[in-house]
Amino acid sequence: MLVGVEGLDDAGVYRLSEEAAIVQTVDFFTPIVNDPYWFGQIAAANAMSDIYAMGGTPKTAMNIVCFSPKKFGLEVMKEILKGGIEKIKEAKVVLLGGHSVEDEEIKYGLAVTGIIDPQKIIRNEGAQIGDLLVLTKPLGTGILSTGIKADLLTENEILSVSKAMAELNDKAQEAMITAGVHAATDVTGFGLVGHLKEMIKENLGVELYLDQIPVFDGVFELAKSGFIPGGLYRNRDYFKEHVLNFSKDRIICDIIFDPQTSGGLLFAIPEEKVDVLYEKAKALGIKTWIIGRFTEKNPGKILLL
Ligand code: CO
Ligand code: CO
């Protein structure tokens with residue numbers, strides 16, 4: 001075993017030989033959008049993300065389906081699976097099978113196996129003092145899906161956040177590897193702060209540039225009117241003690257705790273590699289935002305600036 005449960009890394013890694021290791025992960029959840037086809041795409045992209053975060057290449061997948069045909073009709077399940085398969089194909093992954101159970105609450109996701117060079121595993125820790133912190137997707141999907149449930153988003157707003165969540169992190173991975181990444185993770189249920197805490201542990205500090213953090217359209221307005229998911233409060237209660245300069249008057253201070261679905265990669269690169277990152281990201285057609293810097297000061301803490 002090269003990577004197990006102890007370091008809170010995204011996926012597990014098991015060595016097969018000097019040159020080859022397998023990287024494994026599993027993820028599934030309840031619908032966060034109403035359209036079953038988009039839900040399938042998002043769940044599949046989300047499930048493969050941990051492999052990309054660790055620097056692996058996903059190769060095979062198994063469906064995990066919890067569904068009641070009696071309650072929802074088989075057509076809905078077909079649409080979910082169709083969305084999933086589309087993403088699996090896009091990632092050049094092979095679907096080997098799966099398992100379904102009868103469940104009144106829909107859940108879908110994948111168990112994914114990838115390959116990785118044991119010398120090239122990217123962990124959540126390993127950032128160096130002075131490294132820049134980069135994020136590759138805007139924040140706010142938890143708040144937006146609360147808005148979707150309350151029927152407050154337009155079709156266009158739903159479509160644009162669905163597309164972003166369904167986007168694979170394969171290109172983001174390529175960009176970070178090209179730029180010489182020191183550490184990485186993906187932003188999911190624990191929100192930006194929770195996953196950033198995994199990167200610094202008690203060893204490093206990090207400054208977060210609040211005005212540089214990308215946020216989806218409509219998120220500020222929803223948050224201001226109180227459409228905040230329960231998971232955000234739970235993350236805030238749990239991680240707030242590691243945050244310096246928190247201000248309850250600034251909405252962005254809440255958004256950094258928002259639980260994300262299929263969020264972007266969050267990684268550390270040396271400052272001199274920024275140009276390489278930008279160039280690669282541009283060539284791949286993806287966006288990257290520099291949102292902070294790792295510091296020697298305040299070990300274990302996230303300083304909001
Ligand atoms: Co992860
Ligand atoms: Co995960």
Side-chain angles (χ1 to χ4, degrees), residues 1-14 21-30 32 41-59 61-62 64 87-88 91 93 107-116 120-127 133-142 145 164-177 181-201 206 229 231-232 234-235 238-239 256-268 286 288 291 302:
M1 185 184 79
L2 298 180
V3 179
V5 290
E6 73 293 329
L8 305 171
D9 266 293
D10 294 295
V13 183
Y14 183 82
I22 52 169
V23 49
Q24 291 190 294
T25 183
V26 57
D27 232 312
F28 63 112
F29 48 65
T30 55
I32 33 111
Q41 290 189 62
I42 294 164
N46 178 73
M48 290 185 279
S49 177
D50 283 329
I51 306 267
Y52 291 122
M54 294 207 72
T57 306
K59 288 290 179 187
M62 309 277 267
I64 297 161
K87 278 291 140 183
I88 289 167
V93 165
K107 299 170 199 82
Y108 172 64
L110 302 172
V112 189
T113 302
I115 51 167
I116 192 165
K120 293 179 180 165
I121 298 168
I122 303 164
R123 292 174 174 260
N124 56 19
E125 53 184 59
L133 177 68
V134 184
L135 178 65
T136 66
K137 285 186 192 180
L139 299 182
T141 62
S145 53
M165 288 189 284
E167 198 178 294
L168 293 175
N169 278 330
D170 56 346
K171 295 190 179 85
Q173 184 206 54
E174 202 181 331
M176 76 174 179
I177 290 173
V181 61
H182 286 151
T185 187
D186 57 345
V187 182
T188 51
F190 296 131
L192 175 65
V193 168
H195 293 283
L196 189 51
K197 175 63 184 167
E198 290 167 359
M199 294 182 82
I200 58 172
K201 304 223 163 55
V206 65
L232 188 154
R234 280 193 294 278
N235 285 341
Y238 195 77
F239 293 109
I256 57 176
F257 295 100
D258 187 40
Q260 301 300 284
T261 297
S262 194
L265 295 186
L266 182 68
F267 56 88
I286 58 159
T288 57
I291 61 165
I302 296 160

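Order of appearance sets the numbers: ligands from 1, and atoms from 1 within every ligand. For the single chain, residues carry numbers from 1 onward in sequence order. Being a predicted model, the structure only gives us computed values, none of them experimental.
- Atom OD1 is the N/O/S atom of Asp186 found closest to the Co ion (ligand 1).
- Within Asp50, the N/O/S atom positioned nearest the Co ion (ligand 1) carries the name OD1.
- Side-chain atoms of Lys87 come within 3.5 Å of backbone atoms of Ala166 as a donor-acceptor pair (strictly under, hydrogens ignored).
- Between Phe267 atom CZ and Thr185 atom OG1 the span is 12.0 Å, to the nearest 0.5 Å.
- Looking only at N/O/S atoms, Asp10 comes nearest to the Co ion (ligand 1) through OD1.
- Between Phe239 and Phe190, the two ring planes are perpendicular [angle over 60°; tilted spans 30° to 60°].
- More than 12 heavy atoms of other residues, nucleotides or ligands lie within 6.0 Å of CZ in Phe29, so this atom counts as buried by the packing criterion.
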